[in-house]
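The shown structure was predicted, so the numbers you read here are calculated from the model rather than taken from an experiment. Sequence lines set the chain letters: A, B, ... in the order given, protein chains first and strands last, and positions in each chain run from 1.
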Number of protein chains: 2
Amino acid sequence: MSNLLHRLATRGWQMTPQRRVIAEVLAGDHVHLTADEIHAQAIAKLPEISRATAYKALTEMVALGEVAVVNVEGRARRYDPNVDRAHQHLVCERCGLIRDIHPAGQEGLALGPSSGFGFKLTGVDVVFRGICPDCSAAATL
Amino acid sequence: MSNLLHRLATRGWQMTPQRRVIAEVLAGDHVHLTADEIHAQAIAKLPEISRATAYKALTEMVALGEVAVVNVEGRARRYDPNVDRAHQHLVCERCGLIRDIHPAGQEGLALGPSSGFGFKLTGVDVVFRGICPDCSAAATL
DNA sequence: CTGCTTGCAAATTGTTTGCAACACC
DNA sequence: GGTGTTGCAAACAATTTGCAAGCAG
């Protein structure tokens, strides 16, 4: 379940060297890279990958629902391969570090019907903002 | 409290015709405009406002903490003048409509210390995604 | 005069697209 | 040979910045 490459394969997504490398960069937890960061890491493994190819691959993975976009402040979009389990994000306002939070079962984020304005809900994005331990420590130096 | 112009004045923000018009555009509830929309509406009231001035005014209002940025999917940043009461957002995935939600006192969005990775929390952003009533109706036609 | 604000235009940044060359059944 | 993928470069979109001119105290 947790393997992005495997999930993409079972979804019938045609694999190529470039796409494999891009998907490999997106492996692991607490991964929330920008397209440019993904491209840079992909190039390290396979030198001749163009930016356009990286963007197209990412767009398709998102369309397949196997990669999510994280809406954090800042110009660059960030990609999160961890779509298996609904989770929330914790962002450091100082350095931009992002950690995943897996809510402990409460999942109190259902919206009362009275406050829903008649929307059909499809998902929730929760972003906690704060200062990470490293930045806190640096501030007190 | 709810008047943005008043809040800006009491914060010592120097007022100018351009800034007043921009702040006026940002009045009301369920307002989540992009910089370009704000600029367009501002021009309707005062023809010679440049985009740069609109951007600068918005950036300063955000820096003062009197206007918030809403992180929704889509390229353009959206500005929300309603910073008085912590609230959440409900976004239509079809048409992009955004409504404010004022949680009914539960505010269950505190983060247990165990799951906080040692962050000092400063805020939370909650974005519910769904399909608005109008879009639901349009889909069944 | 001095300092902050404005407006224009150009620069930056992030993302998308058109299109020819290529690889794979 | 047709379908789909790649890479380059150019197009786009959103935002920021440099700088000369304007306004207010």
Can you classify the ring geometry of A/F117 versus B/H30 as parallel (below 30°), tilted (30 to 60°) or perpendicular (above 60°)?
perpendicular
Whole Å only: how far is the CD atom of B/E48 from the C1' atom of D/dC23?
16 Å
Rounded to whole angstroms, how far apart are CD on B/E73 and P on D/dA14?
13 Å
Using whole Å, report how far CD of B/E37 lies from P of D/dA14.
10 Å
With a cut-off of less than 4.0 Å, is there a side-chain N or O of B/T16 near OP1 or OP2 of C/dC4?
no
Provide, to the nearest angstrom, the distance between the CD1 atom belonging to B/I49 and the P atom belonging to D/dG22.
19 Å
A/Q14 CD to C/dA23 C1': how many Å, rounded?
10 Å
Please list each protein N or O that sits under 3.5 Å from an N or O in nucleotides 13-20 of chain C, with the distance.
unit_1: C/dT15; atom_1: OP1; unit_2: A/R77; atom_2: N; d: 2.9
unit_1: C/dT15; atom_1: OP2; unit_2: A/Y55; atom_2: OH; d: 2.8

Under a 4.0 Å threshold between the charged nitrogen and the carboxylate oxygen, would B/R94 count as salt-bridged to B/D134?
no
Nucleotide D/dT16, atom P - distance to NE2 of B/H39 in whole Å:
15 Å
State, yes or no, whether a side-chain contact exists between B/R99 and A/F119 at a heavy-atom distance under 4.5 Å.
yes
A/H32 side, atom NE2; A/E37 side, atom CD - distance, nearest 0.5 Å
11.5 Å
Heavy-atom pair of closest approach, residues B/I101 and B/H87:
O-CB, 3.2 Å
Are any of A/T53's side-chain N or O atoms less than 4.0 Å away from OP1 or OP2 of D/dG7?
yes
Grab the CG-P distance between A/L58 and D/dT5 for me, whole Å please.
15 Å
Looking at every non-hydrogen atom in both residues, tell me the closest pair between A/I22 and A/A57 and how far apart they are.
CD1-CB, 3.9 Å
